[in-house]
Amino acid sequence: MIALSTPAALASLAYVSNEKDNTLSVIDTESMEVVDTIRVGARPRGILLSRDYTRLYICASDDDTVQVLDLATRKIIDTLPSGEDPEQIALHPNNRHLYIANEDDAIVTVLDVNSKEILAQIDVGVEPEGMAVSPDGKWAVNTSETTSMLHWINTETFEIEKNIVVGQRPRHVEFSRDSKIAWASAEIGGTVHIIDVDNLKQIHELSFRVPGVNQDRVQPVGIELTSDGKYAFVALGPANHVAVVDARTYEVLDYLLVGSRVWQLDLDKDEKHLYTTNGVSGDVSVIDVEDLKVIKSIKVGRYPWGVVIDPTS
């Protein structure tokens with residue numbers, strides 16, 4: 001661990017996975033500066049906080065493992081069996097069952113993080129990547145890039161109950177806080193698909209037209225929803241913009257210019273600022289949510305991929 005400074009005691013901390021540097025950057029959200037750099041496994045991508053905010057789970061994709069970072073000491077304290085090439089992960093509200101997308105094996109691995117027991121390995125489509133669990137714990141959803149499907153897994157039986165075809169190369173799923181709506185991005189399709197969870201049917205399809213940007217560069221990936229249901233923010237990849245969407249009417253309200261190849265997003269604990277990882281430019285953009293303006297760019301490691309913010313730090 002490379003300690004750069006001591007973080008402010010009351011500041012919330014953002015963790016950013018840098019897939020080319022094999023590090024995490026730690027950002028103090030009060031000062032909006034990097035305060036620590038932590039060495040982790042090979043090619044870290046998906047990262048996830050435990051439900052009690054004591055641990056950070058890290059997909060070390062090229063090491064074929066999920067690492068466990070103790071947030072109090074900022075040290076790796078364990079590794080978990082994950083299957084090959086874990087890319088994204090999602091944790092059940094029970095804080096035990098971790099769902100892991102194994103891109104090379106076309107499976108989803110379900111792991112008990114306490115016992116390290118593999119509870120199930122579920123066959124899904126080709127190149128599974130995105131992974132989400134509904135807040136009510138009823139559903140786990142996996143996206144398979146090549147098959148262009150959302151696989152809906154019953155979390156009690158670990159069986160697929162429905163496959164929904166979406167646009168080409170789906171990458172990410174985000175649930176509303178009440179678990180009633182799921183948003184799924186299709187990178188090559190250039191679309192976001194809105195799913196009614198009760199009926200498991202699509203109710204809307206979003207497309208994007210960024211002024212001055214070639215349409216083939218508009219590639220939706222990460223999605224973040226505000227808890228009040230007002231906004232959805234969509235990272236548009238090499239279009240270098242974040243789309244601002246009215247989450248009630250599905251109208252695209254604005255496009256905000258950020259860094260190069262914007263990938264993932266997370267809101268800070270007060271939802272006043274949105275942090276975006278920009279892979280090619282190697283930085284994190286900070287967006288003021290009230291004014292819908294980019295207010296800062298923070299240099300991090302090479303190819304930042306995931307970002308999560310600890311609301312208790």
**Prompt:** Can you tell me how far CD of Glu87 sits from CH2 of Trp305, rounded to the nearest 0.5 angstrom?
**Reply:** 5.5 Å
**Message:** Measuring only between side-chain heavy atoms, which start at C-beta, is Leu253 closer than 4.5 Å to Val245?
**Reply:** no
**Request:** Taking atom types as modelled, find out whether Asn154 and Glu161 have a side-chain donor-acceptor pair closer than 3.5 angstrom.
**Result:** yes
**For Ala247 against Gly229, the heavy-atom pair lying closest together** = CB-O, 3.3 Å
**Request:** Rounded to the nearest 0.5 Å, what's the gap from CD on Gln264 to CG on Asn278? Could you check?
**Result:** 11.5 Å
**Side-chain heavy atoms of Trp152 within contact of Ile160, under 4.5 Å** = no
**Qualifying residue for side chain to side chain donor-acceptor pair (under 3.5 Å) with Ser144, from Arg169, His151, Glu103, Glu127** = His151
**Message:** As a quick check of understanding, evaluate side chain to side chain donor-acceptor pair (under 3.5 Å) for Thr109 and Gln121, giving each step before the final call.
**Reply:** CA-CA 4 Å; Thr109 296; Gln121 289 195 303; 3.1 Å; yes
**Item:** Partner set under salt bridge (charged side-chain N to carboxylate O under 4.0 Å, His left out) for Arg217, not counting sequence neighbours
**Value:** none
**Item:** Any donor-acceptor N/O pair, Thr155 side chain to Lys138 backbone, under 3.5 Å
**Value:** yes
**Request:** Look at Asp36 together with Arg74 and state whether they make a salt bridge at an N to O cut-off of under 4.0 Å.
**Result:** yes
**Request:** Output, in order, the C-alpha distance, side-chain angles, deciding distance and verdict of side chain to side chain contact (heavy atoms under 4.5 Å, CB included) for Leu111 and His97.
**Result:** CA-CA 6 Å; Leu111 176 73; His97 295 172; over 6 Å; no
**Message:** One thing to verify: whether Lys116 and Asp78 come together as a salt bridge, which I'm taking to mean a side-chain N less than 4.0 angstrom from a carboxylate O.
**Reply:** yes
**Asked** Say you draw a straight line from CG of Leu267 to CG of Leu265; how long is it, rounded to the nearest 0.5 Å?
**Response** 8.0 Å
**Message:** Could you check whether Lys296 pairs with Asp288 (Lys NZ or Arg NE/NH1/NH2 to Asp/Glu carboxylate O, under 4.0 Å)?
**Reply:** no
**Item:** Atom pair CG/OG1 of Asp228 and Thr226 - distance to nearest 0.5 Å
**Value:** 4.0 Å
**Item:** Side-chain donor or acceptor of Ser313 paired with backbone N/O of Asp310 under 3.5 Å
**Value:** yes
**Asked** Between the side chain of Arg177 and the main-chain N/O of Leu225, is any donor-acceptor distance below 3.5 Å?
**Response** yes
**Message:** If we count only N and O atoms by modelled type, under 3.5 Å, do the side chains of Arg171 and Ser185 hold a donor and an acceptor together?
**Reply:** no
**Item:** Donor on one side chain, acceptor on other, Ser285 and Asp283, under 3.5 Å
**Value:** no
**Request:** Please examine the side chains of Asn18 and Leu24, heavy atoms only from C-beta on, and report whether any two atoms are closer than 4.5 Å.
**Result:** no
**Asked** Phe233 vs Tyr231 aromatic rings, parallel, tilted or perpendicular, using cut-offs 30° and 60°?
**Response** tilted
**Request:** Look at the side chain of His193 and the backbone N and O of Gly167, then say whether any donor-acceptor pair between them is shorter than 3.5 Å.
**Result:** yes
**Request:** Taking the side chain as every heavy atom from C-beta outward, state whether Leu71 and Tyr15 have any pair of such atoms under 4.5 Å apart.
**Result:** yes
**Item:** Heavy-atom closest contact (Pro86 atom, Gly83 atom, distance)
**Value:** CD-O, 3.7 Å
**Request:** Would you check if the side chain of Thr79 reaches a backbone N or O of Gln67 as a donor-acceptor pair within less than 3.5 Å?
**Result:** no
**Message:** If you apply the rule side chain to side chain contact (heavy atoms under 4.5 Å, CB included), what do you find for Ser50 with Asn95, and how did you get there?
**Reply:** CA-CA 6 Å; Ser50 63; Asn95 203 35; 3.7 Å; yes
**Prompt:** If you take all heavy atoms of Ala184 and Val173, which pair is closest and at what distance?
**Reply:** CB-CG2, 4.0 Å
**Prompt:** With distance as the sole test, does Ser281 use its side chain to make a donor-acceptor pair with the main-chain N or O of Ser260 at under 3.5 Å?
**Reply:** yes
**Complete:** Closest non-hydrogen contact found for His241 with Val262 is O-CG1, 3.4 Å
**Request:** Rounded to the nearest 0.5 Å, what's the gap from OH on Tyr53 to CG on Leu13? Could you check?
**Result:** 13.5 Å
**Request:** Only one of Arg43, Glu84, Gln88, Arg45 passes side chain to side chain donor-acceptor pair (under 3.5 Å) with Ser61; say which it is.
**Result:** Arg45
**Asked** Is a side-chain N or O of Asp291 found less than 3.5 angstrom from the main chain of Lys293, in a donor-acceptor match?
**Response** no
**Request:** Determine, stepwise, if the pair Ile100 / Val108 fulfils side chain to side chain contact (heavy atoms under 4.5 Å, CB included).
**Result:** CA-CA 5 Å; Ile100 306 165; Val108 167; 5.9 Å; no
**Asked** Looking at Val66, Leu98, Ile58, which hits side-chain contact (heavy atoms from CB on, under 4.5 Å) with Leu48?
**Response** Leu98
**Message:** Checking the side chain of Thr37 only, and the main-chain atoms of Ser25 only, is there a donor and an acceptor separated by less than 3.5 Å?
**Reply:** no
**Request:** Please assess Asp196 against Lys201 for the test salt bridge (charged side-chain N to carboxylate O under 4.0 Å, His left out), listing each intermediate value before the final yes or no.
**Result:** CA-CA 5 Å; Asp196 182 311; Lys201 291 184 178 179; over 6 Å; no
**Request:** State, yes or no, whether a side-chain contact exists between Pro93 and Val133 at a heavy-atom distance under 4.5 Å.
**Result:** yes
**Prompt:** Around atom NZ of Lys299, are there more than 12 heavy atoms of other residues, nucleotides or ligands at under 6.0 Å?
**Reply:** yes
**Prompt:** Going by atom types alone, do Ser12 and Glu30 pair a side-chain donor with an acceptor below 3.5 Å?
**Reply:** no
**Message:** Please give me the minimum heavy-atom distance between Leu274 and Val289, naming the atom from each residue.
**Reply:** N-CG2, 3.9 Å
**Complete:** Of all heavy-atom pairs linking Pro220 and Gly190, the shortest is CD-CA, 3.5 Å
**Asked** Do we see a donor-acceptor contact under 3.5 Å between the side chains of Asp64 and Ser82?
**Response** no
**Request:** Could you tell me whether the side chain of Asp136 reaches within less than 4.5 Å of the side chain of Phe175, counting heavy atoms only?
**Result:** no
**Message:** Does any part of the side chain of Val192, heavy atoms only, come nearer than 4.5 Å to the side chain of Glu205, both counted from C-beta?
**Reply:** no
**N/O donor-acceptor pair under 3.5 Å between Asn102 side chain and Asp105 backbone** = no
**Asked** Going by an N to O cut-off under 4.0 Å, is there a salt bridge joining Asp70 and Lys75?
**Response** no
**Gap between atom CD1 of Ile107 and atom CD1 of Ile122 - 0.5 Å precision** = 9.0 Å
**Prompt:** Counting N and O atoms only, with roles assigned by atom type, does the side chain of Asp21 sit under 3.5 Å from a partner on the main chain of Arg302, one being a donor and the other an acceptor?
**Reply:** yes
**Asked** Can a donor-acceptor pair be found between the side chains of His172 and Glu174 at a distance below 3.5 Å?
**Response** yes
**Prompt:** Do the non-hydrogen side-chain atoms of Tyr57 and Leu91 ever get within less than 4.5 Å of each other?
**Reply:** yes
